[in-house]
Amino acid sequence: MKTASNSSKDALDKYWRREVIRRLSKHRSARLGVPILLFFVIVGVLAPFLSPYDPIKINLSEALRPPSSDHILGTDELGRDIATRIMYGARISMFIGFLAVLIGLAIGAPIGIISGYYGGAIDFALQRLTDVLLAFPGILLALVLVATLGVGLTNVIIAVGISSVPVYIRLARGQTLYIRELSYVEAVRALGLRSPTILFKHIFLNTVDPLIVQSTLQLGTAILTAAGLGFLGLGVEPTIPEWGTMLGTGREYLMSSPHVATFPGLAIFLVVLAFNLLGDALRDALDPTLAL
Amino acid sequence: MLGYILRRIVLAIPVIIGVTVIVFAMVRFLPGDPARVIAGVAATEEEVETIRRQLGLDRPIWEQYASFMWNLIRLDLGKSMFTGKPVLPQLMETMQNTFILAVAAMAIAIPVGIVIGIISAINRGKAIDQVAIVASLFGVSMPAFWLGLMLILLFAVTLRVLPAGGIGIPNWDPRYVILPALTLAAHLIGVLARMTRSSMLSVLGQDYIRTARSKGATEYTVNYKHALRNALLPVTTITGLYFGYLLSGTVLTETVFAWPGMGRLLVNAISNRDYPLIQGGVLLFSLIFIVVNLIVDILYAYIDPRIRYE
């Protein structure tokens, strides 16, 4: 009996997963976003093979060269090949983005689910705490954290990650509040299942879809925030080829060598755009009420 | 209504206290010895001690917080460690410039964003809708600091029609505000266009719209008289709540355009490790945000009475 219902559930899951992928492959936004992301992932991974240049080594005799056949995107103020630095920068930005989103998710989602499930005083206290974090809008919370922790790759990841925590708390809580009232949760509670089991198996697993959609969009936001910190000179160590930092230094040479600022910015824009496109597509594809 | 307003204000108090705790804790949680970090590596032992005493870091933590709060209530935010000038007047001076920029950005973004959203929704699925969808996604994904630089390249360097930065004081010149305001507005335009479109589409799918159509109302009347009004309700809230994000966006935009506002002041303060100024700036940013949200909540409850009984 149990195995039978399990296997039919598995089959249903499998069917739904295939359906989501089918919907994604037909979705216009995904068709635009996925290739852009793949492009940056591939150039990031293959950077050492795709470029003959070193992303860090200084070569002042080649400084501030405009785009040419040797340097397709030109060189920066220290003579480094900008295309190469953008390729290596893809690694850095994706790395920061993924880790920051993971931090936000790992801290925010459990707090949101507990807050929504238990309600009452716990919920009230956790929500006021969230309100406090939300009172530092946009890049401000990341700035506060960087001003305290100091700059550098690790601190940037922590700062950007923590600044996305309240977003996840709100989302997971809202979703939990909705699921908690559904009859199946009432049913498992009546069956005498313990709260931790209900929380994980019946609530957390059903918040996964919106969390995936939010995380995809949040990847774009995280990369944008980290690049913003870099632009302000409050990002990673200056030797690391991070797009925002490159843009920030390129700004000094905007009048004479506009290519130095233009291309790293274009890379940030394209990656953020791609994550937003994919997030939009995922939201539609994961929505069973939408006919696609 | 009065009860609702009071409840909202009471709920804002713990948030404000929480914000002061975080701003207070910022300096105390500097890695290592805060006084040493603030004084800088080159400082002598005496200089470090002076700073420790100045900031009261040698006293018990609750006493430090109590005096921090007492100073706040007396509107004393301390002195800049860099210029030695009191923090509050500096913030006030820059705040008005930031407000000018934020309001100008709103003035651009609200009509543009909403109009794009309406056109998009009414022409759902057509080419113009696709263009609008892509354009608004561009706005949402655009790094403001990059957009700002590109606008400078185009309008200030190449075409030479607009200034590249500054504020044009003492002879207040509106040309200086155009590029920074556009830069700051881009994201909000995208957000508003997307919001308006989806809100409009969901309203157009409702029964009363079908009723209006079936009784022979023209397309114009249906779209603008019946649908738009209701579709704009959620858009209003988002716009209000967005004001705070717009303020935080000034941090980047002001830096690009050397606009002498609060955002730029804060960034410079962080670079200089000027902690009293950082604390004051952060505090003011989030207080403005809290107050604006409070006002938006109350206005929204006034427009839509259902909210009050939530």
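Every heavy atom of this structure was used, including side-chain atoms; hydrogens, water molecules and symmetry mates were not. Only a predicted model underlies this, so the values are computations on that prediction, with no experimental measurement involved. Residue numbers start from 1 in every chain, and the chains themselves are labelled A, B, ... in the order their sequence lines are given, proteins ahead of strands.
- Residue contact with chain A, scored on non-hydrogen atoms closer than 4.5 Å, involves the side chain of B:Val157 exclusively.
- Between chain B and the residues A:Leu133, A:Leu254, A:Ile139, the most heavy-atom pairs under 4.5 angstrom are made by A:Leu254.
- For B:Met26, the parts lying near chain A are the backbone and the side chain together; criterion is any non-hydrogen pair under 4.5 Å.
- Of all non-hydrogen atoms in B:Thr255 and A:Arg251, the two that sit nearest each other are O-NH2, 2.8 Å.
- Of the two parts of B:Ile152, only the side chain, counted from C-beta on, holds a non-hydrogen atom closer than 4.5 Å to a non-hydrogen atom of chain A.
- With values rounded to the nearest 0.5 angstrom, B:Leu11 atom CG is found 7.5 Å from A:Asp131 atom CG.
- There is no contact between A:Ile223 and chain B, counting heavy-atom distances below 4.5 Å.
- Residue A:Leu266 touches chain B through both its backbone and its side chain, counting heavy-atom pairs closer than 4.5 Å.
- Contacts between B:Leu266 and chain A at a heavy-atom distance below 4.5 Å involve the side chain alone, from C-beta outward.
- Ranked by heavy-atom pairs shorter than 4.5 Å toward chain A, the options B:Val282, B:Leu147, B:Leu287, B:Ile290 are led by B:Val282.
- For B:Gln130, the part sitting under 4.5 Å from any heavy atom of chain A is the side chain, from C-beta outward, and nothing else.
- Between the CZ atom of B:Phe145 and the CG atom of A:Leu224 there is a distance of 5.5 Å, given to the nearest 0.5 Å.
- Ring planes of A:Phe269 and B:Phe138: perpendicular class, angle over 60° (limits at 30 and 60°).
- Interatomic distance, A:Leu143 CG to B:Leu252 CG, rounded to the nearest 0.5 Å: 7.5 Å.
- For the side chain to side chain contact (heavy atoms under 4.5 Å, CB included) test with A:Leu273, the passing option among B:Leu137, B:Val140, B:Val134 is B:Leu137; the others fail.
- Using a 4.5 Å cut-off between heavy atoms, B:Arg194 touches chain A through its side chain atoms alone.
- Minimum heavy-atom separation, B:Ser248 to A:Gly138: OG-CA, 3.6 Å.
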Q | From CA spacing to verdict: side chain to side chain contact (heavy atoms under 4.5 Å, CB included), A:Leu149, B:Phe29 | A | CA-CA 8 Å; A:Leu149 302 169; B:Phe29 279 114; over 6 Å; no

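- Heavy-atom distances place both the backbone and the side chain of B:Val256 under 4.5 Å from chain A.
- No more than 12 heavy atoms of other residues, nucleotides or ligands shown are found within 6.0 angstrom of CZ on A:Phe95.
- Here B:Leu149 contributes atom CG and A:Leu247 contributes atom CG; the two are 5.5 Å apart, rounded to the nearest 0.5 Å.
- The local environment of CZ in B:Arg28 is crowded, with over 12 non-hydrogen atoms from other residues, nucleotides or ligands closer than 6.0 Å.
- Considering every non-hydrogen atom in both B:Ser286 and A:Leu140, the closest pair reads N-CD2, 4.4 Å.
- Between the side chain of B:Trp146 and the backbone N or O of A:Thr262 there is at least one donor-acceptor pair closer than 3.5 Å.
- In terms of heavy-atom proximity, B:Gly18 sits nearest to A:Val132 at C-CG1, 3.6 Å.
- The contact between B:Phe289 and chain A is made entirely by side chain atoms (from C-beta outward), counting heavy-atom distances below 4.5 Å.
- The contact between B:Leu30 and chain A is made by backbone and side chain atoms together, counting heavy-atom distances below 4.5 Å.
- Only the side chain of A:Leu234 has a heavy atom closer than 4.5 Å to any heavy atom of chain B.
- Closest of all the heavy-atom pairs between B:Pro143 and A:Ile268 is CG-CG2, 3.6 Å.
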